[in-house]
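Structure first, commentary second.
Convention: sequence-line order gives letters A, B, ...; per-chain numbering from 1.
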Amino acid sequence: MLDLKFLRQNAAQVQAALARRGLDITLDEFLQLDEKRRRLLFEAEQMKNRLNTVSLEIGRLKKAGRDAGDLQSRMRELSQEIKEMDEQVRAVVDAQTGIQLSLPNLPDESVPLGTGAEDNLTVRAWGAIPSFPFPPKPHWELGEDLGIIDFERGAKVSGARFSFARGLGARLERALINFMLDLHVSRGYTEVFPPFLVNRESMTGTGQLPKFAGEMFRVEDAGYYLIPTAEVPVTNLYRGEVLDGARLPVKLAAYSACFRAEAGAAGKDTRGLIRQHQFNKVELVKFCRPEDSFEELETLTADACRVLESLGLPYRVVVLCTGDMGFASAKTYDLEVWLPAAGTYREISSCSNFGDFQARRANIRYRDGRGKSAYVHTLNGSGVAVGRTVAAILENYQQADGSVVVPEALRPFMRVDRIEKS
RNA sequence: GGAGAGAUGGCCGAGUAGGUCGAAGGCGGUCGCCUGCUAAGCGAUUACACGGGCCUAAACCUGUGUCGCGGGUUCGAAUCCCGCUCUCUCCGCCA
């Protein structure tokens with residue numbers, strides 16, 4: 001959410017920034033509502049002031065044993081008028097807040113201009129792209145042949161975009177989660193295990209609601225939402241709180257299952273682990289001082305890169321252009337891992353600085369010893385998506401005989417050197 | 001699921017026969033004084049949001065709202081009534 005006063009005073013600048021995102025949004029209606037709101041508010045407040053003043057007077061008169069019936073009946077009328085006025089104010093505020101909540105964050109000036117994924121810029125690449133003396137198989141074939149991933153029964157038991165992991169496949173999921181969490185904890189993150197269902201307020205706090213209801217699963221009766229990422233519960237951990245400035249930055253690492261409806265992705269990535277309704281992910285979340293957030297984004301991204309480097313998976317880092325960035329983000333780096341069978345890089349992590357956009361929605365502030373409180377800046381990034389890591393390991397470490405070598409760093413967790421058909 | 005108790009400022013905790021209560025007192029914080037240093041002591045100060053004064057910002061003054069959330073009664077509600085949420089205790093059930 002953008003600041004009310006900022007919107008009021010810098011409407012042109014905001015419109016220009018949104019235009020960089022490819023959005024043709026005018027703030028005219030918002031500004032008109034704002035003016036109307038202030039006008040009505042002022043009127044309502046004056047009426048209330050009169051009511052309060054006279055009510056005190058009535059109290060005094062009564063105490064003195066004098067009659068105040070006339071004043072009382074007049075105030076009864078005023079009280080009714082105030083009620084109607086409040087009704088009007090509320091309608092205007094709701095309309096204005098609705099617009100405010102639907103405006104995306106402004107891209108940082110360092111973000112390249114563009115309209116879509118093709119305009120993202122590669123920042124750097126790491127690792128040698130492997131060459132195979134045989135045609136590399138896609139991970140779903142490897143997984144099925146090895147008997148470690150079962151897509152068919154996933155579809156039977158649940159539906160399309162669900163799967164079972166089995167045997168060493170299941171152990172691989174668990175190993176990756178433990179490996180990633182251990183790595184991040186060793187770099188100063190505190191491990192958190194969050195709820196997977198959250199309420200509406202939390203989804204609004206991080207920006208999924210009200211705009212993106214269609215992308216999430218919801219528990220009908222209870223009204224809970226299934227989290228699309230641990231970002232939601234972990235960022236909302238401090239919703240409505242004032243953090244001790246001396247404790248910043250707060251760095252948290254959380255494993256969670258993630259649930260996404262993938263509406264609108266019909267026909268995309270229908271095979272394999274790339275786009276499932278449920279997948280595992282380890283997420284990094286930071287709360288920091290405003291002046292530190294862009295530096296924290298760099299280190300957060302580096303922390304995500306470290307996972308891929310430790311696993312020996314070739315990847316590149318791209319900075320998302322203005323047209324491809326997420327709703328709440330001011331700047332985003334995607335990590336893309338190399339998938340040999342497709343011969344392309346695929347997103348495996350997305351690291352974003354949200355500035356105070358989420359903090360304002362979720363009302364997360366900090367305070368130093370004395371002085372006023374201010375909104376923190378929030379950041380998060382995958383560290384990293386587990387399902388896609390499984391896919392990358394299977395494809396990059398496959399052998400001519402169909403077996404898969406286990407990356408060195410994972411062996412303490414897997415307790416085998418190689419995954420073979422059993 | 002059944003029975004009961006509760007929710008007040010950064011924290012603890014007063015306040016219910018409705019009327020200067022944004023809220024006593026304490027702790028903590030900040031500033032000043034005192035002190036060779038520390039401890040202790042003394043004085044002051046210490047919620048947030050949104051408006052108006054104000055042309056941009058700060059400071060300041062002023063108004064409105066906020067005592068879990070939402071309604072209601074009343075000229076007037078932290079105090080009375082209704083609904084909801086959450087917390088705690090006991091019983092039952094359960095991984």
Whether over 12 other heavy atoms sit under 6.0 Å from A:Arg166 CZ: no
So [X], base contact, sugar-phosphate only, or nothing? Heavy-atom distance under 4.0 Å.
{"X": "A:Lys62", "value": "base"}
{"X": "A:Arg8", "value": "sugar-phosphate"}
{"X": "A:Arg90", "value": "sugar-phosphate"}
{"X": "A:Leu51", "value": "sugar-phosphate"}

A:Lys48/A:Asp86 salt bridge by N-O under 4.0 Å criterion: yes
Ion pair check, A:Asp145 and A:Lys137, cut-off under 4.0 Å: yes
Interatomic distance, A:Asp86 CG vs B:G72 C1' [rounded to whole Å]: 15 Å
Exercise: do A:Tyr375 and A:Asp3 side chains pair donor with acceptor under 3.5 Å: no
Under 3.5 Å side-chain donor-acceptor pair for A:Glu231 and A:Gln358: yes
Could you go over nucleotides 60-64 of chain B and give all protein N or O partners under 3.5 Å, atom names and distances?
residue, atom, partner, partner atom, Å
B:G63, O3', A:Asn49, ND2, 2.9
B:G63, N2, A:Glu45, OE1, 3.2
B:G63, N2, A:Glu45, OE2, 2.9
B:U64, OP1, A:Asn49, ND2, 2.8
B:U64, OP1, A:Asn52, ND2, 3.2

Involving RNA chain B, stems made of at least three consecutive Watson-Crick or G-U pairs, both distances under 3.5 Å: B:1-7 with B:85-91, B:10-12 with B:25-27, B:28-33 with B:41-46, B:47-53 with B:60-66, B:68-72 with B:80-84
Row check, A:Phe164 ring normal vs A:Arg153 NZ/CZ: under 6.0 Å, within 45°: no
A:Arg60 side-chain N/O to B:G19 phosphate OP1/OP2 under 4.0 Å: no
